[in-house]
Amino acid sequence: MRISRSVRRADLKAVGEVRRALRELMRHRCRTEATDVAELLITEIVTNALVHTDRGAEVSASLTAARLRVEVRDHAARRPRPYVPTADDGTHGRGLVLVEALADDWGVDALALGAGKVVWFELDGRREAPYAAGPA
């Protein structure tokens, strides 16, 4: 299952639309906790693409039985860097720190020269929590 959306530059209303589409994709297929985390993380990386680049972004999400992968492609070559914000930063600067902390895997892939980059994350997409073996 897959979704794909284009968002225009500075169209922050589109962030909510992307989040709702992701929620619908994951509904009945993933744990509630995974859906909540995915919504938070897609909000952060789409917002970053719209706020920190000159053009819009392409958002895609694919869901298999075991994995959710979300990709946000923008047209800026500059790689994002997570940093721990100071108290003076207000609510800014926490997006990639959240992605780093909550995603099972994430990264940034450079595209061809001048074509931008893809920021992506992956989460466990199983409906039930993975089995955790305890002490015998």
Tell me, with the steps shown, if Arg31 and Asp124 meet side-chain contact (heavy atoms from CB on, under 4.5 Å). CA-CA 9 Å; Arg31 298 179 325 276; Asp124 185 317; 3.8 Å; yes
Stepwise side-chain contact (heavy atoms from CB on, under 4.5 Å) test for Glu122 and Trp106: CA-CA 6 Å; Glu122 293 182 347; Trp106 80 281; over 6 Å; no
Test log, rule side-chain contact (heavy atoms from CB on, under 4.5 Å), inputs Met1 and Arg29: CA-CA 10 Å; Met1 307 202 75; Arg29 294 176 195 89; 2.7 Å; yes
Passes salt bridge (charged side-chain N to carboxylate O under 4.0 Å, His left out), Glu71 versus Arg73? Steps please. CA-CA 6 Å; Glu71 298 181 349; Arg73 177 186 183 269; over 6 Å; no
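A donor-acceptor contact shorter than 3.5 Å is absent between the side chain of Arg67 and the backbone of Leu63. Under a 3.5 Å cut-off, the side chain of Lys117 and the backbone N or O of Arg79 do not form any donor-acceptor pair.
Clustering ILVMFWY residues whenever any of their side-chain heavy atoms sit less than 4.5 angstrom apart, transitively, puts Leu98 in the very cluster that holds Val18. Linking Ile, Leu, Val, Met, Phe, Trp and Tyr whenever their side-chain heavy atoms come within less than 4.5 Å leaves Leu111 and Val70 in two separate clusters. Trp120 and Leu96 sit in two unconnected hydrophobic clusters of ILVMFWY residues. Membership requires side-chain heavy atoms under 4.5 Å apart, directly or through other members. Val108 and Val118 are assigned to two separate hydrophobic clusters, defined by single-linkage of ILVMFWY side chains at heavy-atom distances under 4.5 Å.
In summary, of the residues considered (Asp74, Leu22, Val72), a side-chain contact (heavy atoms from CB on, under 4.5 Å) with Val59 occurs for Val72 alone. When Val99, Leu102, Asp105 are each tested for a side-chain contact (heavy atoms from CB on, under 4.5 Å) with Phe121, only one passes: Val99.
Atom OG1 of Thr53 is separated from atom CG of Asn48 by 9.5 Å, given to the nearest 0.5 angstrom.
Taking 4.5 Å as the limit, some side-chain heavy atom of Val15 sits within range of a side-chain heavy atom of Leu50. When side chains are defined from C-beta on, Leu68 counts as touching Met26, because their heavy atoms get closer than 4.5 Å.
Closest heavy-atom contact between Ser6 and Glu58: OG-OE1, 2.6 Å. When all heavy atoms are compared, the tightest approach of Thr35 to Cys30 is OG1-CB, 4.0 Å.
Within a 6.0 Å sphere centred on CZ of Arg78, heavy atoms belonging to other residues, nucleotides or ligands number 12 at most.
If you check the side chains of Thr43 and Arg19, you find a donor sitting under 3.5 Å from an acceptor.
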